[in-house]
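Below is one structure; the comments refer to it alone.
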Amino acid sequence: MTSTRRVFVERLLDWYHENGRHALPWREDSRTAFEILVAEVLLQRTTASAVEGAYVSFVARYPTPACLVAAPSDRLVDAIEPLGLTKRAGHLERCSAQLWERYAGRVPAERTALLSLHGVGEYTARSVLIHAFGEHTVAVDTNVRRLVSRFFGIDPHSDALGETADALAPEGRSGDFLHAMLDFAASVCRAREPRCDSCPLRTRCRRFESGRASRIERSQ
DNA sequence: AAGTCGGGGAT
DNA sequence: ATCCCAGACTT
């Protein structure tokens, strides 16, 4: 682990301790693996604040795969409609049926098994492994991709990004670290107008440093 | 590899 | 008006 990588991880975890969205309902320790899986599906291409308004009532009504399969499809669609991408109602329905048929209604703790579920791709599978089963890895979503590509100066579409990200996960704190990157990328290292002026990582950030170099260039 | 889904908040 | 959001599925 290089010095720069260590700084990245430690400053991010420090920032998260002070500024993280710790009250999000799907982050509660009491959540079951299925409740976590449902959260990850609802969060696909959807802001956390939007999911916040629908999540608690959703998992209260459909706490298990059996409950979800037994529900009328119309009700599922209604519950997801305010979030958009309503085909996720059908995804959750099929996924729950697969959980019931193949895994006796339990969420499997293996990546390949999770990937076989309808509506579960690479990000969702890894996120469930991390948050429900404490696995030592990283999941790469748009936030992680943007943050890591900017800070380390890596092409966001390259294979190197995933490998770099995976090597960062701190032992025993993969869950906190992923949440830290998500929250940090959502409020500081934003897609549009990142808040570099108040960024605790800027002294080591490749993107900020290259921006500074070109600003100095222009001012002379 | 590209196209599609989607309502809602932010700018 | 446009961009963006804890992506994955279909073609």
Side-chain angles (χ1 to χ4, degrees), chain A residues 12 15-16 19-28 31 33-59 73 76-99 107 111-133 135 137-150 155-159 161-162 165-166 168-169 173-196:
Chain A
L12 223 42
W15 180 92
Y16 176 67
N19 307 288
R21 297 176 287 186
H22 304 289
L24 291 173
W26 51 91
R27 293 184 180 179
E28 293 168 7
R31 291 300 174 192
F34 182 70
E35 289 174 334
I36 291 171
L37 173 57
V38 168
E40 297 303 337
V41 172
L42 296 183
L43 284 162
Q44 290 166 1
R45 300 297 292 177
T46 309
T47 56
S49 61
V51 176
E52 216 177 346
Y55 180 74
V56 175
S57 60
F58 191 93
V59 293
S73 301
L76 289 175
V77 173
D78 290 344
I80 294 180
E81 185 162 31
L83 306 179
L85 295 176
T86 54
K87 59 180 166 189
R88 288 180 291 179
H91 292 177
L92 282 173
E93 226 170 359
R94 289 180 61 180
C95 176
S96 297
Q98 291 168 332
L99 285 172
V107 177
R111 176 174 162 278
T112 53
L114 287 165
L115 286 173
S116 77
L117 299 168
H118 194 76
V120 177
E122 193 66 44
Y123 173 80
T124 302
R126 298 174 81 115
S127 190
V128 168
L129 288 173
I130 291 166
H131 294 122
F133 300 109
E135 187 157 314
T137 11
V138 165
V140 179
D141 78 318
T142 81
N143 290 292
V144 174
R145 185 174 302 283
R146 181 175 64 248
L147 173 59
V148 171
S149 69
R150 283 176 176 173
D155 174 8
H157 302 295
S158 69
D159 294 339
L161 191 140
D166 212 46
L168 295 170
R173 293 215 285 174
S174 297
D176 281 347
F177 182 59
L178 179 55
H179 285 154
M181 288 197 288
L182 297 176
D183 293 357
F184 185 81
S187 71
V188 179
C189 198
R190 306 182 296 183
R192 295 195 279 180
E193 294 188 59
R195 292 170 167 157
C196 301

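Bear in mind that the values here come from a model prediction, so they are computed numbers and not experimental data. Letters go in sequence order (proteins before strands), and every chain restarts at 1.
A salt bridge does not link A/R111 with A/E135: every distance from a Lys NZ or Arg NE/NH1/NH2 to an Asp or Glu carboxylate oxygen is 4.0 Å or more.
Mapping A/V120 and A/A39 onto DNA chain C by nearest heavy atom places A/A39 closer to the 5' end of the strand. Nearest-nucleotide mapping onto DNA chain C: of A/T47 and A/G119, the residue sitting toward the 5' end is A/T47. Two residues, A/R88 and A/S49, neighbour DNA chain B, and the one matched to the more 5' nucleotide by heavy-atom proximity is A/R88.
Remark: A/T86 is in phosphate contact with B/dG6, judged by side-chain N or O atoms under 4.0 Å from OP1 or OP2. Phosphate proximity of C/dA8 to A/T124: present, with a side-chain N or O under 4.0 Å from OP1 or OP2. A sub-4.0 Å separation between OP1 or OP2 of C/dC5 and a side-chain N or O of A/T142 is present.
When the P atom is compared between C/dA6 and B/dT11, the two are found 14 Å apart, to the nearest whole Å. Of the P atoms belonging to B/dG6 and C/dT10, the separation is 13 Å, rounded to the nearest Å.
Atom C1' of nucleotide C/dA8 and atom CD of A/E122 are separated by 11 Å, given to the nearest angstrom. Atom-to-atom, CD1 of A/I130 to P of C/dA6 comes out at 16 Å; the value is rounded to the nearest Å. If you measure from atom CD1 of A/I80 to atom C1' of B/dG6, you get 12 Å, rounded to the nearest angstrom. Between A/Q44 atom CD and B/dG8 atom C1' there is a gap of 18 Å when expressed in whole angstrom units. One can place CD of A/E40 at 16 Å from P of C/dC5, the figure rounded to the nearest angstrom. Distance CG (A/L147) to P (C/dC5): 13 Å, rounded to an integer number of Å. Rounded to whole angstrom, the span from the CZ atom of A/R146 across to the C1' atom of C/dC5 amounts to 9 Å. Atom pair A/K87:NZ and C/dC9:C1' shows a separation of 6 Å (rounding to whole Å applied).
Here the shortest heavy-atom pairing between A/V41 and A/G119 reads CG2-O, 4.4 Å. In terms of heavy atoms, A/L161 sits closest to A/R145 at CD1-O, 3.6 Å.
To the nearest 0.5 Å, atoms CD1 (A/I130) and CG (A/D176) are separated by 11.5 Å. Rounding to the nearest 0.5 Å gives a distance of 9.0 Å between CZ of A/R21 and OH of A/Y16. In this structure, CZ on A/R31 lies 9.0 Å from CD1 on A/I36, to the nearest 0.5 angstrom.
A donor N or O paired with an acceptor N or O is not found under 3.5 Å between the base of B/dA10 and the side-chain atoms of A/R190. Side-chain atoms of A/R192 and base atoms of C/dC3 include a donor and an acceptor less than 3.5 Å apart.
Using a 4.0 Å heavy-atom distance criterion, A/T46 is classed as a base contact. Here A/G84 lies in heavy-atom contact (under 4.0 Å) with a base. Across all strands, A/R27 comes closer than 4.0 Å to base atoms (heavy-atom distances).
Residue A/R21 has its side chain nearest to C/dA6 when only C/dA6, B/dT11, B/dG6 are considered. Checking C/dC4, C/dT10, B/dT11 against the side-chain heavy atoms of A/A191 singles out C/dC4 as nearest.
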